[in-house]
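One structure below.
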Amino acid sequence: MKYNPFATNFKTKALTFILVEAVMFIIASALVAIASKLLTLPERPQMMIMLTIQGIVLFIASPLITARLLTHKPFKYLSLTTLPTLKQIVWVTIAMIVMTPALNLIVSWNESMHLPEFMSGIEEWMRANEDAAAESTKKLLSLQTLTELIITLLIVGLMTGVGEELTFRGVMQKLIEDKWQNHHIAIWVTAIIFSAIHLQFFGFFPRMLLGAFFGYLLVWSKSIWLPIYAHTLNNSMAVIAAYMLNINLTSEDIDKLGTTEGGSLWTAAISLLLFIYCVIKLRKEETTNNINQ
């Protein structure tokens, strides 16, 4: 991979990434402010427009620009030129489905966490942020029609999946791996940053674990499309579940599956075992791909 002369060391490449993100954040914020003044819309459509602007400018354009500044082959740098195998897609699909009860248990555990008494002020601030984020998510997923479902799937599912994976796994994880020459360090540091940047502390651990899984998918497949698919599928399942709940096709019990509130913990244990089996199959598929290359 041929790098531009001004991007020959980690500090320069990292600074390039940070500066591009900062500039694009300013541009996205300005566009959101302009759109909010020019358009008089109900709250939910305004949120969708805001997410679209942020997604395109901050999470899609930004990593593409960064990759172009760092190399003459930006699509290759972002692992966009390699496609995952059909078997990898199938096993990721199964993994994302079977992991739900185990992930629900982790979510339940994370939500019930309490900080020490001397950190009660910090916990109150964290709870306030969590409540605000939950309220925004509730409004965002208050979809009732098929049209709203499709639009939300495109924005919250596909666009967010593409943008966040290009930014975190496509650029950030690669930069950290270039520095430390260890993909495990790169995956977990990126996953921690990925989760922390959402500022939802009582969902930190499940989001971090998902981020790590997406990171390993990139390493195993050598293709950013596989974590993009997994991320999109994860977001889309949440959107579809909310839609089904809103039109009374299901109950909230689906979020409790695998928790003590939702019944036996054996469901979560079986879920974890099935997920591990899927990961083993994905690793074997990676080995086969490397032999065939």
Side-chain angles (χ1 to χ4, degrees), residues 9-11 13-18 21 59 62-63 66-67 70 77-79 82 84 88 91-92 95-96 98-100 102-111 113 115 126 130 133 160-235 268 271-287 289-290:
N9 58 71
F10 171 76
K11 288 183 179 180
K13 289 185 283 187
L15 182 60
T16 300
F17 175 51
I18 293 170
E21 285 288 338
F59 291 107
S62 182
T66 300
L70 297 182
Y77 180 82
L78 293 170
S79 302
T82 303
Q88 287 172 329
W91 283 114
V92 165
M96 295 303 297
V98 301
M99 77 188 304
T100 301
L103 199 62
N104 285 345
L105 180 61
I106 297 172
V107 169
S108 176
W109 167 76
N110 198 165
E111 288 177 345
M113 288 180 62
L115 297 179
M126 292 166 62
E130 195 74 20
T160 301
V162 171
E164 291 192 352
E165 288 311 304
L166 286 177
T167 299
F168 290 98
R169 257 59 66 176
V171 177
M172 185 180 293
Q173 182 170 308
K174 277 192 175 64
L175 288 177
I176 297 172
E177 186 172 356
D178 285 347
K179 170 65 176 178
W180 296 101
Q181 297 298 306
N182 185 307
H183 68 260
H184 297 293
I185 293 176
I187 287 169
W188 286 100
V189 170
T190 303
I192 290 170
I193 296 172
F194 166 72
S195 186
I197 209 166
H198 284 78
L199 295 178
Q200 290 175 266
F201 305 100
F202 295 97
F204 177 85
F205 289 103
R207 189 176 293 106
M208 178 191 69
L209 293 174
L210 275 175
F213 180 53
F214 299 155
Y216 280 107
L217 289 179
L218 174 60
V219 171
W220 295 336
S221 67
K222 310 297 187 293
S223 170
I224 194 69
W225 293 111
L226 196 61
I228 283 176
Y229 170 72
H231 197 146
T232 299
L233 180 60
N234 177 73
N235 291 3
S271 166
L272 179 60
L273 290 175
L274 290 173
F275 175 72
I276 292 173
Y277 178 76
C278 292
V279 168
I280 292 171
K281 298 298 290 186
L282 281 166
R283 292 288 283 111
K284 286 185 177 180
E285 179 65 16
E286 178 231 5
T287 302
N289 287 342
N290 288 342

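Note that the structure is a prediction, hence the values are computed from the model and not measured. Here, residue 1 is the first one in the sequence, and each next residue gets the next number.
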Are Q173 and I193 close enough, and set up right, to give a side chain to side chain contact (heavy atoms under 4.5 Å, CB included), and what steps lead you there? CA-CA 10 Å; Q173 182 170 308; I193 296 172; over 6 Å; no

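- Atom CE of M99 is separated from atom CG of N104 by 10.0 Å, given to the nearest 0.5 angstrom.
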What do the steps show when you test Q88 against L282 for side chain to side chain contact (heavy atoms under 4.5 Å, CB included), and what is the final call? CA-CA 6 Å; Q88 287 172 329; L282 281 166; 4.2 Å; yes

Run the side chain to side chain contact (heavy atoms under 4.5 Å, CB included) check on L175 and L70 step by step: do they pass? CA-CA 10 Å; L175 288 177; L70 297 182; 4.1 Å; yes

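- Atom-to-atom distance recorded for F205:CZ and I192:CD1 is 9.0 Å, nearest 0.5 angstrom.
- We find the CZ-CG distance between R207 and L103 to be 10.0 Å, quoted to the nearest 0.5 Å.
- Of all non-hydrogen atoms in V92 and A230, the two that sit nearest each other are CG1-CB, 3.7 Å.
- Looking at heavy atoms from C-beta onward, W220 lies in side-chain contact with L217 at the 4.5 angstrom threshold.
- Take F275 and apply the ring-ring contact (aromatic ring centres under 6.0 Å, His included) test, not counting sequence neighbours, and it matches F213.
- For the atom pair CE (M113) and CE (M126), the distance works out to 7.5 Å, reported to the nearest 0.5 Å.
- Residues passing the ring-ring contact (aromatic ring centres under 6.0 Å, His included) test with F214 are H231, sequence neighbours excluded.
- The side-chain hydrogen bond (donor to acceptor under 3.5 Å, both in side chains) search around T190 returns none, not counting sequence neighbours.
- Formation of a donor-acceptor pair under 3.5 Å by the T167 side chain with backbone atoms of F59 is found in this model.
- Residues V171 and L78 meet the side-chain proximity criterion, which asks for heavy atoms closer than 4.5 Å.
- For the pair G161 and N235, the tightest heavy-atom approach, listed with the atom from each and the gap, is N-ND2, 4.3 Å.
- The OG atom of S195 lies 9.5 Å from the CZ atom of F201; values are rounded to the nearest 0.5 Å.
- Between the side chain of T66 and the backbone N or O of S62 there is at least one donor-acceptor pair closer than 3.5 Å.
- For the side chain to side chain contact (heavy atoms under 4.5 Å, CB included) test with P84, the passing option among L226, I228, I224 is L226; the others fail.
- Closest approach of S79 to K222, counting heavy atoms only: CB-O, 3.8 Å.
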Derivation and outcome, side chain to side chain contact (heavy atoms under 4.5 Å, CB included), residues D178 and F10: CA-CA 7 Å; D178 285 347; F10 171 76; 5.5 Å; no

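- When all heavy atoms are compared, the tightest approach of C278 to W91 is SG-CE3, 3.9 Å.
- Distance alone, capped at 3.5 Å, is enough to place a donor-acceptor pair between the N110 side chain and the F204 backbone.
- Here the CD-CD distance, from E111 to E130, works out to 7.0 Å after rounding to the nearest 0.5 Å.
- For S221 against T82, the heavy-atom pair with the smallest separation is O-CG2, 4.1 Å.
- Residues that satisfy the side chain to side chain contact (heavy atoms under 4.5 Å, CB included) test with I197, not counting sequence neighbours, are F168.
- Residues meeting the side chain to side chain contact (heavy atoms under 4.5 Å, CB included) test with E177, sequence neighbours left out: H183, A186.
- Heavy-atom minimum distance, A191 versus A212: CB-N, 3.5 Å.
- Judged as a side-chain hydrogen bond (donor to acceptor under 3.5 Å, both in side chains), the pairs with a partner in residues 209-218 (not counting sequence neighbours) are, in order, H184-Y216, W188-Y216.
- Side-chain contact check for F194 versus M172: every heavy-atom pair is 4.5 Å or farther apart.
- The shortest distance between side-chain heavy atoms of H198 and E164 falls below 4.5 Å.
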